[in-house]
Number of protein chains: 2
Amino acid sequence: MYERKTPVNIDCGLHLFMEVMNGKWKINLVWCIYNEIKRPSDLQRKIPNATRRVLEGQLKQLVNHGILSKKTYDVKPPKVEYSLTELGESLIPIIKSTAKWGEDNREELEKLIVK
Amino acid sequence: MYERKTPVNIDCGLHLFMEVMNGKWKINLVWCIYNEIKRPSDLQRKIPNATRRVLEGQLKQLVNHGILSKKTYDVKPPKVEYSLTELGESLIPIIKSTAKWGEDNREELEKLIVK
DNA sequence: TATAATACGGACAAATTTATCCGTACTTGA
DNA sequence: TCAAGTACGGATAAATTTGTCCGTATTATA
């Protein structure tokens with residue numbers, strides 16, 4: 001596993017948010033799970049651009065950061081389901097308003113963000 | 001300059017937000033400038049953990065993304081001031097509510113985020 | 001009996017971001 | 001004249017994140 005060399009900085013609340021939500025696919029993951037797509041294979045199908053390996057890593061971080069909880073059913077074939085914790089739920093309004101900002105300004109932003 | 005190999009993904013509004021705000025010091029920069037600390041050297045003093053070189057880069061991106069505008073005074077010694085654009089201003093309430101989420105959950109998050 | 005589906009993980013490579021070290025130019029004040 | 005302040009940028013190294021390629025195990029279905 002990778003070992004950090006420099007400490008995370010969390011001096012302000014927004015940094016805390018970023019620390020938790022940074023990661024190429026985390027937003028998608030949280031959003032999917034909020035929308036009841038909660039099994040790893042389903043998430044993978046829903047977000048085909050991400051590789052399984054990376055989704056796995058980001059899911060693990062979200063669990064570690066207290067945003068998601070993971071339930072493993074002891075069945076064969078294996079079954080796993082993620083769900084939002086209370087902390088994760090509290091993120092939903094933030095995500096919504098932030099996403100709204102993006103959509104409200106999409107036209108302008110798309111011009112500016114170099115692809 | 002660095003040339004991207006894979007396209008940015010901006011399928012949802014939150015990705016647009018992240019695209020604009022990702023960057024280790026961008027939040028600090030926007031917040032400082034909102035609070036009237038707008039000259040490069042002052043920003044540097046206010047955020048001493050960041051190197052000048054990196055702040056410069058992030059300021060440039062914020063300008064390119066339409067969040068900041070840069071005014072260069074034609075004087076000696078040189079004087080430069082950044083300020084929020086209208087788009088940048090529209091980010092302030094988002095930043096505030098997001099920071100509030102972080103502060104409201106700081107105790108819990110600090111335990112979870114591995115330093 | 002192969003194939004696909006379920007889920008997970010190690011080792012390593014590629015991409016990206018952040019930091020370091022160099023140098024430019026001009027001016028004011030000691 | 002020398003140090004310090006103002007602002008900027010190239011080249012490259014280090015840190016970090018993301019992606020690729022391998023392999024494990026079990027079960028149901030064709």
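Note that the coordinates shown come from a computational prediction; the quantities given were computed from them, not determined experimentally. Naming: A, B, ... by sequence-line order, numbering from 1 per chain.
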Legend entry - Members of residues 36-52 of chain A that approach DNA chain D, where some heavy atom sits under 4.0 Å away: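 Contacting residues: A/Thr51, A/Arg52.
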
Inset, instruction - Decide, yes or no, whether a salt bridge links B/Glu56 with B/Lys60 under the criterion of side-chain N to carboxylate O below 4.0 Å. - result: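 Here B/Glu56 does not pair with B/Lys60 in a salt bridge, since their nearest N and O are not under 4.0 Å apart.
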
Inset, instruction - For A/Gln58, report the nucleic acid contact type (base, sugar-phosphate, nothing); a contact means any heavy atom under 4.0 Å. - result: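 A/Gln58: backbone/sugar contact only, no base atoms under 4.0 Å.
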
Inset, instruction - Could you tell me whether A/Val54 contacts a base, only the sugar-phosphate backbone, or nothing, with contacts defined as non-hydrogen atoms closer than 4.0 Å? - result: base

Rounded interatomic separation in angstrom, taking [atom1] from [X] and [atom2] from [N]:
| X | N | atom1 | atom2 | answer |
| --- | --- | --- | --- | --- |
| B/Arg4 | C/dT16 | CZ | C1' | 7 Å |
| A/His15 | C/dT18 | NE2 | P | 10 Å |
| B/Asp74 | C/dT27 | CG | P | 11 Å |
| B/Leu55 | C/dT17 | CG | C1' | 14 Å |

Legend entry - Non-hydrogen side-chain atoms of A/Leu109 and A/Trp101 separated by less than 4.5 Å: yes

Legend entry - Minimum side-chain heavy-atom gap A/Val80-A/Arg39 below 4.5 Å: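 Not touching, per the 4.5 Å side-chain cut-off.
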
Legend entry - Candidates C/dT27, C/dC21, C/dC8 - which lies nearest the side chain of B/Lys76: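 Of all the options, the side chain of B/Lys76 is nearest to C/dT27.
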
[X]: what forms a salt bridge (charged side-chain N to carboxylate O under 4.0 Å, His left out) with it, not counting sequence neighbours?
| X | result |
| --- | --- |
| A/Lys100 | A/Asp104 |
| A/Lys38 | A/Glu36 |
| B/Glu89 | none |

Inset, instruction - Decide if atom CD of B/Glu81 counts as having more than 12 heavy atoms of other residues, nucleotides or ligands within a radius under 6.0 Å. - result: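 Yes.
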
Legend entry - Main-chain N/O of B/Asn22 paired to B/Lys26 side chain as donor or acceptor, under 3.5 Å: yes

Legend entry - Of B/Arg53 and B/Val80, the one whose closest DNA chain D nucleotide lies more 5':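 The 5'-side residue here is B/Val80.
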
Legend entry - Most 5' of B/Lys60 and B/Pro77 on DNA chain D, judged by nearest nucleotide: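 Taking each residue's closest nucleotide, the earlier one in sequence belongs to B/Pro77.
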
Inset, instruction - Please list, in 5' to 3' order, the outermost nucleotides of DNA chain D lying under 4.0 Å from any heavy atom of chain A. - result: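 Going 5' to 3' along DNA chain D, contacts run D/dA15 to D/dT27.
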
Inset, instruction - Please confirm whether A/Lys70 makes a cation-pi placement over A/Tyr82, using NZ or CZ under 6.0 Å from the six-membered ring centre and within 45° of the ring normal. - result: no

Inset, instruction - Using a cut-off of strictly less than 4.0 Å between a heavy atom of the residue and any atom of DNA chain C, enumerate the qualifying residues of residues 21-28 of chain B by number. - result: B/Gly23, B/Lys24, B/Trp25

